[in-house]
Every structure is written in C-alpha cells, then in structure tokens.
Amino acid sequence: MRFYFPDSQDQVSPTYDFLNEEYSPYRVRQRDDRYAHEVLNPQPYDGVLVSKAIVDGSVKGSGKYSMPQRERLYRFGVSKFFRLPDNVSTLGDCGAFNYADEEVPPYSVDEVLDFYEGCGFDSGISIDHVIFGYDPDVSDAEVNPAWVKRRQISLRYAEDFLAGVQARGCKIEAVGAAQGWSPASYADSVMRLQEIGYQRIALGGMVPLKTDDILACLKEIDTVRRPETQLHLLGITRVGSIEEFAQSGVTSFDSTAPFRQSFMDDRNNYHTPTETFTAIRVPQADGNPALKRRILSGVVSQSLVKAAERECLKRLRGYDRDPGLLDKVIDILGEYEQLVVPEKKSRLAAYQRTLEAAPWKTCECTLCRKCGIEIIIFRGTERNKSRGFHNLAIFNHKVRNIVQSSAPEN
C-alpha cells in the first residue's frame, strides 16, 4: 500500500528562528526550505502527487506556483525539483476539483500529456470530471443527467488519453480515472476502463462518502476487477479501513488530511500512534484580524495584549524545561484566551491535557526533537507546517504497521 502526498508547495525553513520569529536574511525559499521527505526520517510518504491545476492554473486563475517555480519544474523535472529520493514515486493528475463548476474540463489530452511528459512523472491520471452526488439506489431512468454526462466525459477522456500515451510512446504509466454515483456505476466505470486497456485505475469523487459507502463501491468493483488491476483512492484517508481497502485491490491512495489537521482542525492538531491532541493557540497579536479589531475599537489595550502574548510564549518554553510550571502556564493561557476570543468556548481543558501528556517529548520524529514545545504551539506557518509534517510521519507509521501486520506469513 503506497501513500502519496498531494503537493501544494508546503515546506519548512530549517533556519527559522522560533525565539525571534525571523527567517534568515539569506534565505531563498526554493533553495533553502525543505519538503517533508527532507526533514523527516524515515520518509513520511511513498510518493508525491502533483496537479496540473496547482502548477499551471485553471479556469479559477493561476496556480500556487510562481512563474520561476513553474519554469524550474519543467526544466528540472518533478523528481529533481522536489529533490526526491529514488524510492519516492511521482503521480500527476489534473486537479478536477479546481474546474468542478465547469461544463467540461478545461484541458485537452495533449495539454495534459505535455504536462506529464514535460515534468517527467512516473504515472499520470487521465482527465476526469467530478460527480457531485451519491445515490446507491437510484435507477438508470431517474439518475441525474448531469452525473451521467460527467461519467461519460471521464470515460471518453480516458480512452483518448490512453490512445495519446500509446501514440506518443510515452514512458509514463497511464492511470484511468473512474467516476460514479453508486457502487454499480463505479463498477461499470472500472469494467469499461479495463476494456480500454487500463491496469491501474484511480477512483475519484469519493472524498465526501462515508467509509461504508466506499467499501460498498469497492465490493461491487471487485465483481468486475481483473486480478492485475490495481486501484488508487483519490483524496481518501481512512486508517481504520486500510486492510479492507487492500483486500479489494487498492494499492495506493493520497490525502492531505493528516497535514491539514495540524492547522485546520478545531481540536485534533497533533497526532500520536494512539491519540490526538489540541495544539496550544497563541495567536500573533499583530496578525490576528479579530484581535486587531478589538484593539482598534478600544475594547482591549494593545500593550496588555502584547505583554500577555510574550508571557504565554515565555511560560510555555519554561514549562518545556520545568513541568512544575503547569499551573502558571494555564493561568496565562486563560488570560490571553479571554483577550483574544472571549466569546468562544474555552480550550483550557484541552490545553491542560496536551501539556500534561507532553507528547512532543516522547516523539522520535526529527521535527519534534528539533523544535521541542514550539511544534505544539498553534502560531504561524513554520510551527503549523512542522506539526503537519509530524502528523504525516505518524500517519505513514500507522499505515506501515497495518500493512505489515496484515501481510500473510511465509
């Protein structure tokens, strides 16, 4: 089972000064900042997924790559651009969610193949169109015509894509994209993609589905799946079902969920092999919009806010050296919380649980050893992304353990 991490140009700076919250004046982001596989040992994923929409942009506008970054990616190729080890594979896709509101995908087969070939991907997924809806019981006569059209578009592009790969003599592994709205429609898409000639198929549009629905689709797909056909789950992270996925022919999947939970989730920001913890929020007084409004309106004093912010960081760092300071840390966190978000439910109980457990102290990942308590502080991109990279390492460790424990004995 291979885990791919979708790229969105997320990196951390190895020279970032947490105490002064400053970058080196000599820092060049692309040259000096590091990807997760460069700062974690063992590496936190088996592959990297890169979307054309992220690199080249789509109908929604430009992508997340600057023009120099885009030119460097095409010039060096994906493996050299990301400084990937030889055992990390690369997978390209079109980023269907970026053009999901359009009637038809905005790319031609030739444009997508130019992207895959130009960047030197190991594998590339055919152009697809996301179906927004799931109804396992709907009849063919009653199904939404828009869903039918999107599935037909995806299958037509898949046929043209494989023909284009063969006509060009491309070295990439062609991966067919399957869309559906029910177990039966997904199974039919897989059957037709196999007939076209695909031996690896990516199942799209399943992110909103419940795990039971995904398993129902995989069970139906299994009735038509050939022994040599491998499945990839696009955007799916369900650790508890990895073993069942594998039994249904799933050999790879991708997701940003463990990374994004570090700064997007309300509570589960820091992962361990057995638990999750809430990161300690110490928002920057100068960068928090709600707090700035309170200061400008005269509700709170700027000097009081800045003093409480500094004291929070000081006491947290002191606690990292002396656990006896716990009560003093909780006191100042409570004061700062009342200044920043007095109307919201307090997180102090969750903070106390995190601080008492001090999970960063026992974690063996390279980032926790390097950052110490800074990694559990919810504040600024460097801390938050470092915590996200840590989560990736924990997630991959869980997956590896499940795969190894379920492997048949010789």
Side-chain angles (χ1 to χ4, degrees), residues 4 6 49 51 91 93-105 107 109 112 123-162 174-238 241-242 244-255:
Y4 287 77
L49 182 148
S51 294
L91 175 64
D93 81 344
C94 296
F97 277 102
N98 287 273
Y99 54 81
D101 295 334
E102 301 301 308
E103 283 294 316
V104 295
Y107 307 127
V109 168
V112 172
S123 309
I125 301 175
S126 63
I127 305 168
D128 62 335
H129 217 15
V130 175
I131 294 173
F132 291 108
Y134 183 78
D135 188 342
D137 302 316
V138 67
S139 67
D140 291 344
E142 296 175 336
V143 66
N144 188 327
W147 299 358
V148 175
K149 182 179 178 181
R150 284 176 176 248
R151 192 172 82 96
Q152 291 172 342
I153 287 172
S154 299
L155 290 169
R156 185 172 68 249
Y157 269 112
E159 186 170 9
D160 294 343
F161 179 78
L162 186 58
V175 182
Q179 290 286 340
W181 58 82
S182 64
S185 59
Y186 271 110
D188 186 71
S189 291
V190 168
M191 182 177 67
R192 292 174 63 178
L193 288 169
Q194 290 177 143
E195 291 172 350
I196 291 169
Y198 285 99
Q199 292 187 348
R200 189 177 180 193
I201 296 170
L203 305 178
M206 289 187 166
V207 173
L209 302 191
K210 296 178 181 179
T211 300
D212 286 346
D213 292 330
I214 295 173
L215 291 171
C217 290
L218 290 174
K219 182 178 179 181
E220 189 67 23
I221 288 169
D222 224 22
T223 64
V224 301
R225 183 177 61 84
R226 297 172 182 173
E228 68 274 14
T229 300
Q230 299 181 18
L231 302 177
H232 177 96
L233 296 178
L234 286 164
I236 300 299
T237 308
R238 313 288 167 88
S241 300
I242 290 294
E244 290 178 279
F245 291 164
Q247 292 171 353
S248 297
V250 176
T251 58
S252 60
F253 65 100
D254 69 86
S255 178

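One-based numbering along the sequence shown.
Put simply, CG on Asp160 and OG on Ser126 are 10.0 Å apart, with the number rounded to the nearest 0.5 Å. Remark: Ile221 CD1 to Thr223 OG1 distance equals 8.5 Å, nearest 0.5 Å. Of the inter-residue distances, the one linking Ile196 atom CD1 with Met191 atom CE reads 11.0 Å to the nearest 0.5 angstrom. For the atom pair Phe253 CZ and Tyr4 OH, the distance stands at 11.0 Å (nearest 0.5 Å). Atoms CD and CD1, on Gln247 and Ile242 in that order, are 11.5 Å from each other to the nearest 0.5 Å. Atoms OG and CD1, from Ser241 and Ile236 in turn, are 10.5 Å apart once rounded to the nearest 0.5 Å.
Under the side chain to side chain donor-acceptor pair (under 3.5 Å) criterion, Arg150 pairs with no residue at all, not counting sequence neighbours. Evaluation of the salt bridge (charged side-chain N to carboxylate O under 4.0 Å, His left out) rule for Glu244 yields no partner, not counting sequence neighbours. Every side chain to side chain contact (heavy atoms under 4.5 Å, CB included) that Ala174 has, sequence neighbours left out, goes to Phe161, Leu162, Val165, Tyr198.
Between Glu159 and Arg192 there is no salt bridge, since no side-chain nitrogen of the basic residue lies less than 4.0 Å from a carboxylate oxygen of the acidic one.
Nearest heavy atom pair, residue Phe132 against residue Ala100, reads CZ-CB, 3.3 Å. Closest heavy-atom contact between Ile153 and Pro105: CG2-CD, 3.8 Å. When all heavy atoms of Cys94 and Val112 are compared, the pair lying nearest together is SG-CG2, 3.7 Å. Of all heavy-atom pairs spanning Ala178 and Leu193, the tightest one is CB-CD1, 3.7 Å.
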Residues 225-234 side chain polar contacts: donor-acceptor under 3.5 Å, at least two apart:
from: Arg225; atom 1: NE; to: Asp222; atom 2: OD1; distance (Å): 3.1
from: Arg225; atom 1: NE; to: Ser248; atom 2: O; distance (Å): 3.3
from: Arg225; atom 1: NH1; to: Thr229; atom 2: O; distance (Å): 3.2
from: Arg225; atom 1: NH2; to: Asp222; atom 2: OD1; distance (Å): 2.9
from: Arg226; atom 1: NH1; to: Gln194; atom 2: O; distance (Å): 3.3
from: Thr229; atom 1: OG1; to: Gln194; atom 2: OE1; distance (Å): 2.7
from: Gln230; atom 1: OE1; to: Thr251; atom 2: OG1; distance (Å): 3.2
from: His232; atom 1: ND1; to: Ser252; atom 2: OG; distance (Å): 2.7
from: His232; atom 1: NE2; to: Asp254; atom 2: OD2; distance (Å): 2.7

What side-chain donor-acceptor pairs closer than 3.5 Å can you find for residues 208-219, not counting sequence neighbours?
from: Thr211; atom 1: OG1; to: Arg238; atom 2: NH1; distance (Å): 3.1

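No side-chain heavy atom of Asp93 sits less than 4.5 Å from a side-chain heavy atom of Leu91. Residues Val175 and Ile201 are not in side-chain contact: their nearest non-hydrogen atoms beyond the backbone lie 4.5 Å or more apart.
Screening residues 177-187 for side-chain hydrogen bond (donor to acceptor under 3.5 Å, both in side chains), with sequence neighbours left out, gives Asp128-Gln179, Ser182-Ser185.
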From CA spacing to verdict: ring-ring contact (aromatic ring centres under 6.0 Å, His included), Tyr99, His129: CA-CA 8 Å; Tyr99 54 81; His129 217 15; 5.8 Å; yes

